[in-house]
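Below is one structure; the comments refer to it alone.
This is a predicted model, so every value here is computed, not measured.
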Amino acid sequence: MTLVNASTGSDTSSEGIDSDGQESRISHEPIRPDGIGLMMLNIFRGFCMGAADTVPGVSGGTVALILGHYDRLIAAISHVDTEALGLLRSGKWTELIRRLDLRFLITLGIGIVVGIGSLAGLMHWLLQHRVNETMAVFFGLVLASVWVVRRNVTQWTIPRWILLGMGVLVALGISRIPATTGDASHGFLFFSASIAICAMILPGISGAFILLLLGVYEPVIGMIKGVVKGQIDLDILGRLAVFAAGCLFGLLAFSRLLNYLLKHFRDATMAALIGLMIGSVGRLWPLQRVTAETVDLELKYQEFEWVSPVEYDGSVLMLVVLAIVAAVVVVAADRFTLRMQSSASGA
């Protein structure tokens, strides 16, 4: 039986029975040659993911969930396995491209690189000089995203409400953990990379923020900057290779688990993911200021405290307007995405 995914508008094949006795509604989008319209849509999706990854506390996974390609992304990554390696060894390129959904991944990757490259500098300036206004925009984006993504859960039962609550608590707990000073040993780098890459594909949790919490953000960024400037030695290359291996291990292992959960327990999994999104809102609350203890630290090490509207120095009305405009943009982007997918599917 073939059903239509409510979030993507694409045909998906039902597989198996979930824990509530319901038929699972999702596998992944069938791989087909992507038309120009769909390729442009995927570049746009990637651009939005890259832009989101430049903001502390915002996850590219959240954007993927909003724009309707989260399932397809997780499924494509999870297919990097022994079967794919067998196709690579035997030179079956067409089958390999179909299995890994490479057209989709490549166009998405192009958008991510463009998004990060074009907006990283701007976002750094905004977070330094217009932090409250920037947080107001992302606060509105995430709240509207929760409203859009909620339709991925077809029926809200008590267990699913509980999972949503657990997701909220996990995200809130992670956002309250102070950054620590870790080490750059090979074992700890591998562990940190494995954890951070998992966070990057989860809505509501920032992978860069996890690296900061574990105390390895600065060492890793320092090594990358050193390589770019030509300061290369075997020790740095070895550590970066270990970090990359940890990312690959975490991505492949976790994506397969997440893909399985989305196939067989979609409503429950989506409820928990929506909870993570809601829990991330606290970190984006626009009425906040840098604490006196961290005001002289670098931006990535600063801590913030909430303030009341009376204590806020700027215009509260401006923050409200920015949040509303951002929310409208999300709803408009959702409708645009559905129209593009419908048009591409009918082509």
Side-chain angles (χ1 to χ4, degrees), residues 48 51-63 65-66 119-150 161 164-179 199 202-206 208-210 212-213 271 273-335:
C48 294
D53 283 328
T54 64
V55 182
V58 180
S59 168
T62 300
V63 174
L65 202 54
I66 298 167
L119 296 180
L122 173 62
M123 291 309 308
H124 184 75
W125 184 89
L126 289 174
L127 290 169
Q128 280 189 318
H129 303 284
R130 296 289 187 272
V131 62
N132 298 98
E133 291 84 352
T134 304
M135 291 301 181
V137 170
F138 281 93
F139 182 80
L141 289 177
V142 174
L143 278 186
S145 302
V146 171
W147 175 257
V148 169
V149 175
R150 86 196 190 288
W161 280 110
L164 182 143
M166 292 174 62
V168 172
L169 292 177
V170 168
L172 285 174
I174 291 175
S175 66
R176 295 294 184 271
I177 299 174
L202 280 175
I205 301 180
S206 167
F209 182 62
I210 296 297
L212 184 61
L213 293 180
L273 295 181
I274 292 171
L276 291 176
M277 293 173 63
I278 296 173
S280 71
V281 170
R283 185 167 175 80
L284 301 173
W285 180 248
L287 292 174
Q288 55 180 296
R289 65 188 174 196
V290 181
T291 61
E293 295 79 12
T294 63
V295 68
D296 295 324
L297 300 179
E298 292 183 58
L299 175 64
K300 57 181 173 289
Y301 293 117
Q302 289 179 343
E303 296 179 5
F304 292 81
E305 59 184 1
W306 291 3
V307 297
S308 68
V310 177
E311 298 174 296
Y312 180 60
D313 296 331
S315 170
V316 175
L317 178 60
M318 174 62 71
L319 299 182
V320 173
V321 170
L322 288 172
I324 292 175
V325 170
V328 171
V329 168
V330 168
V331 175
D334 174 59
R335 293 182 178 179

task = Applying side chain to side chain contact (heavy atoms under 4.5 Å, CB included), run through L319 and E133 and close with a yes or a no.
result = CA-CA 6 Å; L319 299 182; E133 291 84 352; 4.2 Å; yes
query = With sequence neighbours left out, what residues match R130 under salt bridge (Lys or Arg N to Asp or Glu O under 4.0 Å)?
reply = none
request  = In sequence, state the C-alpha distance, the side-chain angles, and the governing distance for M277 and L273, and then conclude on side chain to side chain contact (heavy atoms under 4.5 Å, CB included).
outcome  = CA-CA 6 Å; M277 293 173 63; L273 295 181; 5.8 Å; no
[X] to [Y] - nearest heavy-atom pair and separation:
X    : Y    : result
A136 : L322 : CB-CB, 4.2 Å
V63  : C48  : CG1-CB, 3.5 Å
L276 : A171 : O-CB, 3.4 Å
P286 : N132 : O-ND2, 2.6 Å
L287 : P309 : CD1-CG, 3.9 Å

inquiry  = Parallel, tilted or perpendicular: which one describes the rings of W306 and W285, with boundaries at 30° and 60°?
reply    = tilted
query = Between CD1 of I274 and OG of S145, what distance do you get to the nearest 0.5 Å?
reply = 11.0 Å
key: Short side-chain to backbone donor-acceptor contact, R150 and W147, under 3.5 Å   = yes
